[in-house]
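Quick notes on the structure that follows.
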Number of protein chains: 2
Amino acid sequence: MEATLSRKEQIEITATSLFKKKGFSATSMRDLANALGIEAASIYSHIKSKEEILQRVCFRMADEFFEALDTAEGSESTATDCLKAAIAAHVQVLTKNTAASAVFLHEWRHLSEPHLSTYLALRDKYEARFREIIRSGIEKGEFFLADEKFAVLTILSGLNWIHTWYKPEGKMTPEEIAENLSAMLLNGLTSSQELTIPDTLTQSN
Amino acid sequence: MEATLSRKEQIEITATSLFKKKGFSATSMRDLANALGIEAASIYSHIKSKEEILQRVCFRMADEFFEALDTAEGSESTATDCLKAAIAAHVQVLTKNTAASAVFLHEWRHLSEPHLSTYLALRDKYEARFREIIRSGIEKGEFFLADEKFAVLTILSGLNWIHTWYKPEGKMTPEEIAENLSAMLLNGLTSSQELTIPDTLTQSN
DNA sequence: CCTACCGATCGGTAGG
DNA sequence: CCTACCGATCGGTAGG
């Protein structure tokens, strides 16, 4: 599997993992070089700057989130099913690469302009898609709430902790995680639509 | 108001705000000195190290969260009311000081040992208190879910984005925010227990 | 991909 | 609270 990775891809993957663990600012190019087994100066034959790595990770992840959402929104009729599909799509992307997800969610503020503004605009566009799903659900009488923006941010925030503990070898599949989250967020704790989920989760931290 | 603050408190408050905006690692002592209008070396007459500031903020916030939870849990009978009170208490602490909350939630990983382990143990203890509320609610037939740990992390994650946009002069009070969040998390989007909340929120970012 | 190196900046100390 | 300064480390370049 690793044999087919270019040096540039290896650098990106290793950097992403370090950025997740220590944060972008606290990760030095010498840390990265050390993890790769080369000298710091050698990294610059493959990338232009430390920030370029961050940019590539952030915007690649943004692409993936939009692509997953496009597919999810395509075929659903009710707002409820559409939201469930959007949640499942979001969880799929988060679990597919937890390190890149963590960097996307937490390290974007170290982007310089104009990349920072681009990033924030993309994020707002993504949230707007969710807002529209909620709004249409309210209109159709499927959802009951006063404020779409508030609801969307609560939902996304309720999904975006998954990267902290998810491991592919854990007991829950991404599909099961998505179902569980949809059930909690759509029906709440007090609804009796219980789910059958293994009660042992992969430990966080 | 500011007149009664000691220099040490001024340093802590200014540092907290910078740590929130730029992150702990990307904030230099010269940034901090500049914001205070003094020389970097002068800061060290009041504090021992940069990390000491982070430690003080993190553990003071931990204290506040526990204290608020103690009060909340004191007087409630049903698990539902207890959870609502715990959510309201958590939101109160988050909104009382958004900068310190952001540092508490996101910068703790820059703590060195043994502080890091202490921090993680405290966080687990806090989460365990929520788990116990949920567990007792399941036992009493108030809540329906398969996994307390998963539920608690989703709930807390659904609350912990508030510091990114809350401003005291905004349209929603902390009490209204807490009610809104309790309604979403306990009843879900599909329940018709609608709330009357101003539909204009303080803008995020 | 390496050696050799750059200027800038880091957290922090000495001594007043 | 300041001046003066420390050794270490930073991101990055030159030249091979």
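Letters A, B, ... mirror the listed sequences (proteins, then strands); counts begin at 1.
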Value in whole Å for how far the P atom of C:dC10 lies from CG of B:Asp31: 6 Å
Which residues share a ring pair (Phe, Tyr, Trp, His ring centres under 6.0 Å) with A:His106, sequence neighbours left out: A:His163, B:His106
Test salt bridge (charged side-chain N to carboxylate O under 4.0 Å, His left out) applied to A:Asp81 - qualifying residues, sequence neighbours left out: none
B:Asn34 CG - C:dT9 C1' separation (whole Å): 14 Å
For DNA chain D, the dot-bracket pattern of Watson-Crick and G-U pairs whose distances stay under 3.5 Å, | for other-strand partners: ||||||||||||||||
Non-neighbouring partners of B:Phe66 that pass ring pair (Phe, Tyr, Trp, His ring centres under 6.0 Å), sequence neighbours left out: B:Tyr126
Length of the NZ-P vector between A:Lys22 and D:dT9, whole Å: 12 Å
Chi angles and distances behind the side chain to side chain donor-acceptor pair (under 3.5 Å) call for B:Ser112, B:Glu51: CA-CA 8 Å; B:Ser112 63; B:Glu51 201 198 309; 2.9 Å; yes
Residues in salt bridge (charged side-chain N to carboxylate O under 4.0 Å, His left out) contact with A:Glu9, at least two apart in sequence or another chain: none
Rounded distance (Å) that lies between atom P of C:dT9 and atom CG of B:Leu32: 17 Å
For A:Lys96, salt bridge (charged side-chain N to carboxylate O under 4.0 Å, His left out) partners two or more places apart: A:Glu64
Residues forming a salt bridge (charged side-chain N to carboxylate O under 4.0 Å, His left out) with A:Asp31, sequence neighbours excluded: A:Lys22
For A:Arg135, side-chain contact (heavy atoms from CB on, under 4.5 Å) partners two or more places apart: A:Glu132, A:Glu139, A:Glu148
Under 4.0 Å protein heavy-atom contact, by nucleotide of nucleotides 11-16 of chain D - B base, S sugar-phosphate only: BBB---
Gap between atoms CD and P, on B:Glu39 and D:dA4 respectively (whole Å): 11 Å
